[in-house]
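One structure is given here, and the rest of the page talks about it.
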Amino acid sequence: MKNKIINLLEESVKKSAEKGIISESDLSRLEVAVPANPAHGDYAANAAMILASTAKQNPRKIAETLLANLTDEENILQKTEIAGPGFINFFIKDNIWKNELKIIEEKNEKFGKLYIGNGKKVQIEFVSANPTGPLHIGHARGAVVGDVIANMMKTAGYDVTKEYYINDAGNQMSNLGKSVLLRLRELAGEKIDFPQTCYQGEYIKDIAAQILKNEQNKYLARDNEDKKISYLTDIAGRIILEDIKGNLKDFGVIFDDYFSESKLYENDGVSKILEVLKKSGFVYSDGQTLWFKTTEFGDEKDRVVVRKNGEPTYFAADIAYHQNKFSRGFEYIVDVWGADHHGYIPRMYAGIMALGHSKDKLKIILVQLVNLLRAGEPVAMSTRSGEFVTLREVLDEVGKDAARYNFLMRRSDSHLDFDLEVAKRQSNENPVYYVQYAHARICSIIKMAAERNIKLPSYLDIDPALLKEPEELALIKMMSRYPEMIEGAVRSLEPHRITFYLNEMAGIFHSYYNKNKVISDDNNLTAARLFFVKTILVILRNALMILGVSAPEKM
RNA sequence: GCGCCCAUGGCUCAGCUGGAUAGAGCGCCAGACUACGAAUCUGGAUGUCGGAGGUUCGAAUCCUCCUGGGCGCACCA
């Protein structure tokens with residue numbers, strides 16, 4: 001619908017320009033938006049004000065010209081008006097809006113699918129937590145945001161791959177092996193002074209116990225320590241990664257790929273990239289140390305890529321990793337990071353730009369930390385002490401739907417209070433149930449109709465003119481704009497727009513439900529309303545599907 | 001010290017990339033089930049959009065400075 005208005009306007013601008021009445025100007029700033037106040041029409045355009053600055057004419061006069069040259073071939077406009085400083089307000093005929101119901105019915109689960117992605121290959125990388133411990137609640141938010149962004153982009157016609165990057169090459173990993181070794185010896189009865197720098201969590205003991213059971217005492221002797229640690233690192237890493245995968249799966253997050261950092265080092269992959277950068281002059285040496293000139297791309301200082309001891313840094317691997325992504329044919333890359341990594345952004349951009357990739361091929365989404373509460377009181381979280389609430393615990397306690405929905409209720413770059421008590425409460429404080437309840441209610445109505453042998457009508461069976469309640473019209477417009485909402489969410493990569501949309505829509509529906517009976521003695525009215533609520537179901541389902549939240553038929 | 005991100009009713013947050021009179025939810029008070037599901041609905045008020053300038057037809061939104069919070073500033077990942 002919005003596109004139709006834009007087309008009408010563009011035609012008019014062209015026509016007016018040909019006639020020389022106005023000088024055609026940049027149309028890229030042309031904006032058609034839904035006004036906050038419904039009295040200002042279904043859509044409003046700022047075209048006249050935009051053109052006024054270059055044309056040096058009164059915006060209202062330009063608006064008049066544009067309207068005079070507007071040809072509404074499809075006859076969709078009820079009226080237009082010029083308002084305020086030069087807005088053009090468009091009022092669309094009710095029957096045109098109602099026509100959208102037919103489209104929703106026909107497209108059904110495909111309603112809201114877009115083609116703006118055009119099959120473009122996109123990779124979205126998220127979570128990517130080191131397999132040194134279980135996922136905690138902070139990872140959960142990133143997991144949902146990444147997953148839903150992926151779903152949105154798929155809906156919009158992108159060819160999306162979800163990837164988890166495993167940092168399994170650093171010394172945090174060998175620290176894991178060391179922690180396990182020490183706990184093993186402790187379990188075997190030795191008195192161990194367990195260092196602060198090691199992983200404190202209980203899960204380390206569990207893993208140690210498991211290994212001890214399988215392999216008895218072969219780690220007790222003090223020989224070949226490095227070898228033992230490396231072996232234990234490998235085993236523990238695998239156990240933890242399997243646990244992570246299981247948790248993510250139960251959270252509804254399934255990755256297409258798990259990409260191991262160590263793979264980057266195969267065939268000297270990392271050094272080869274550094275060699276390339278050296279040749280192009282972005283990498284220079286300072287004694288044994290290799291530096292990357294990230295300052296050339298706006299970073300505060302240059303960054304080390306190979307340490308004095310000859311080992312490449314994490315950053316070096318990350319450059320190679322991103323090059324690898326491009327080499328695999330991804331045309332657009334989305335990284336979802338914790339907000340505490342924001343200082344890393346200029347470096348990452350420098351990395352890809354030095355390798356000849358345009359900056360706009362990479363988009364980094366920052367997800368702010370989660371403030372965990374229980375009944376309003378902060379829950380102590382400390383990774384060092386091993387005290388944290390895991391994703392598993394959140395899932396067990398509040399459930400997948402409530403957890404996911406709660407993480408999607410704010411923009412990802414703003415802090416989120418997550419209250420475990422509120423999230424599991426089945427009450428009006430919990431929007432997920434508000435939306436799901438609307439869905440279950442409609443299912444219930446449809447079931448009731450079936451029990452009374454009332455056929456579920458299709459658009460051709462009903463008289464759309466009977467849908468004339470204010471809530472009906474509001475919902476019809478809102479549903480028609482669903483694809484526009486999705487498009488906005490995709491362009492801005494903002495999943496929270498979907499939850500806000502759903503809350504609003506469920507609100508209008510509940511209000512409508514309380515005022516009006518769907519099933520009544522009036523057969524024609526019943527048919528019209530049954531069909532109408534059926535289309536609401538379509539939108540709710542499609543949107544919840546993108547969020548990875550279930551649409552229950554009863555609750 | 002330098003850099004990035006925030007600051008919107010009592011609380012938690014939206015505000016469609018600069019638009020018209022700034023919106024929800026929670027909480028508070030008072031009401032609505034012999035009616036398709038009360039996990040619902042109806043009504044009631046609260047704002048110098050942290051402060052001060054600037055940009056223009058127009059600013060919560062963009063620029064500068066200040067105040068107050070969060071986070072970064074490794075040859076860690």
Side-chain angles (χ1 to χ4, degrees), chain A residues 29 31 33-37 39-40 44 46 49 52-53 58-60 83-87 89 128-130 132 167 169-173 261 286 288-291 299-301 303-315 317-318 338-346 366 368-369 376 409-411 413-417 419 422 425-434 436-438 440-449 451-452 481 484-485 487-489 491-492 494 496-497 499-500 503-504 506-507 509-520 526 529-530 533 554-555:
Chain A
R29 281 178 60 214
E31 221 170 272
V34 180
N37 185 345
H40 294 138
N46 63 352
M49 276 112 78
S53 54
N58 182 330
R60 292 188 69 106
F87 287 104
N89 295 340
S128 298
N130 293 11
T132 54
N167 300 135
N171 49 26
Q172 307 232 1
M173 284 303 285
E261 181 186 356
D286 166 23
Q288 292 286 67
T289 312
L290 275 191
W291 293 81
D299 200 2
E300 298 169 345
K301 50 173 281 195
R303 307 290 172 175
V304 171
V305 280
V306 175
R307 293 183 270 240
K308 207 186 287 175
N309 66 8
E311 279 179 39
T313 58
Y314 173 81
F315 177 43
D318 224 359
D340 52 340
H341 287 69
H342 65 79
Y344 200 80
I345 293 176
L366 292 181
Q368 268 295 355
L369 304 181
M409 288 192 319
R410 310 246 175 295
R411 344 171 16 116
D413 58 1
S414 87
H415 290 271
L416 169 75
D417 286 346
D419 193 312
V422 175
R425 212 174 286 163
Q426 299 186 354
S427 74
N428 52 4
E429 291 164 79
N430 211 344
V432 64
Y433 299 117
Y434 188 73
Q436 288 184 321
Y437 189 61
R441 247 182 173 172
I442 295 172
C443 289
S444 185
I445 296 170
I446 288 171
K447 202 174 140 212
M448 175 66 70
E451 281 165 11
R452 297 187 191 175
R481 287 169 178 152
E484 293 162 23
M485 181 279 294
E487 179 168 350
R491 289 201 190 283
S492 57
E494 289 177 348
H496 73 278
R497 293 196 193 191
T499 52
F500 276 86
N503 277 317
E504 189 183 343
F509 168 74
H510 285 309
S511 170
Y512 169 70
Y513 175 91
N514 274 276
K515 275 190 223 163
N516 306 95
K517 299 268 295 174
V518 173
I519 300 172
S520 66
T526 300
R529 288 184 173 169
L530 261 181
V533 298
K554 36 180 172 177
M555 326 178 28

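The chains referred to below are lettered A, B, ... by the order of the sequence lines, with proteins before strands, and numbering in each begins at 1.
- Straight-line distance from the CG atom of A/Asp417 to the P atom of B/rA14: 11 Å, rounded to whole Å.
- In this structure A/Asp413 satisfies the salt bridge (Lys or Arg N to Asp or Glu O under 4.0 Å) test together with A/Arg411, sequence neighbours excluded.
- Nearest to the side-chain atoms of A/Ser414 among the listed nucleotides B/rG19, B/rC41, B/rC13 stands B/rC13.
- OP1 and OP2 of B/rA14 both lie 4.0 Å or more from every side-chain N or O belonging to A/Thr499.
- Atoms CG (A/Asn46) and P (B/rG19) sit 9 Å apart, rounded to a whole Å.
- Each of A/Lys517 and A/Asn514 has a nearest nucleotide on RNA chain B; the 5'-most of these lies closest to A/Lys517.
- Look at A/Thr313 and you won't find any side-chain N or O under 4.0 angstrom from OP1 or OP2 of B/rA77.
- In this structure B/rG23 sits in a base pair with B/rC13, meeting the Watson-Crick or G-U test at under 3.5 Å.
- One can place OH of A/Tyr434 at 18 Å from P of B/rG37, the figure rounded to the nearest angstrom.
- Within the 4.0 angstrom heavy-atom criterion, base atoms lie near A/Thr289.
- The shortest side-chain heavy-atom distance between A/Ile519 and A/Met448 falls under the 4.5 Å cut-off.
- Between A/Phe315 and A/Tyr344, the ring planes lie perpendicular to each other; the angle is over 60°, past the 30° to 60° tilted range.
- Residue A/Ser520 is classed as having no contact, given no heavy-atom separation below 4.0 Å to the nucleic acid.
- The partner of B/rA52, taking Watson-Crick or G-U wobble pairs whose two distances both stay under 3.5 Å, is B/rU64.
- Contact check, A/Arg411 against B/rC5: no side-chain N or O comes under 4.0 Å of OP1 or OP2.
- On a pure distance criterion of 3.5 Å, a polar donor-acceptor pair joins the side chain of A/Asn89 and the base of B/rA20.
- Atom NZ in A/Lys447 sits about 13 Å away from atom P in B/rC36, given to the nearest Å.
- The base of B/rC41 lies outside donor-acceptor range of the side chain of A/His510, with no N or O pair under 3.5 Å.
- B/rC2 atom C1' lies 13 Å from atom CG of A/Asp299, rounded to whole Å.
- Centre separation under 5.5 Å together with a plane angle under 30° holds for the ring of A/His341 and the six-membered base ring of B/rA77, marking them as stacked.
- Partner assigned to B/rG72 is B/rC2, using Watson-Crick or G-U wobble distances below 3.5 angstrom.
- Of the side-chain N and O atoms in A/Arg441, none sit less than 4.0 angstrom from OP1 or OP2 of B/rA39.
- Considering only side-chain N and O atoms, A/Lys515 lies nowhere under 4.0 angstrom from the phosphate OP1 or OP2 of B/rA35.
- Of all nucleotides listed (B/rG15, B/rC36, B/rG70), B/rG70 comes nearest to the side chain of A/His342.
- Whole-Å rounding puts the A/Ile345 CD1 to B/rA77 P distance at 19 Å.
- Within the 4.0 angstrom heavy-atom criterion, no nucleotide atom of any strand lies near A/Val305.
- In this structure, the aromatic ring of A/His40 is positioned over the six-membered ring of the base of B/rA20, centres within 5.5 Å and planes within 30°.
- Searching all strands for a Watson-Crick or G-U wobble partner of B/rU42 with both distances below 3.5 Å returns B/rA30.
- Nearer the 5' end of RNA chain B, as judged by each residue's closest nucleotide, is the contact made by A/His415, out of A/Asp286 and A/His415.
- Ring-base stacking between A/Tyr437 and B/rG37 is not satisfied when judged by a centre separation under 5.5 Å and a plane angle under 30°.
- Atom CG of A/Asn503 and atom P of B/rC16 are 18 Å apart (whole Å).
- Considering only residues two or more places apart in sequence or on other chains, A/Glu487 meets the salt bridge (Lys or Arg N to Asp or Glu O under 4.0 Å) condition with A/Arg491.
- A/Ser444 contributes no side-chain N or O that forms a donor-acceptor pair with the base of B/rC36 under 3.5 Å.
- In this structure, a donor-acceptor pair under 3.5 Å is present between the side chains of A/Ser492 and A/Arg497.
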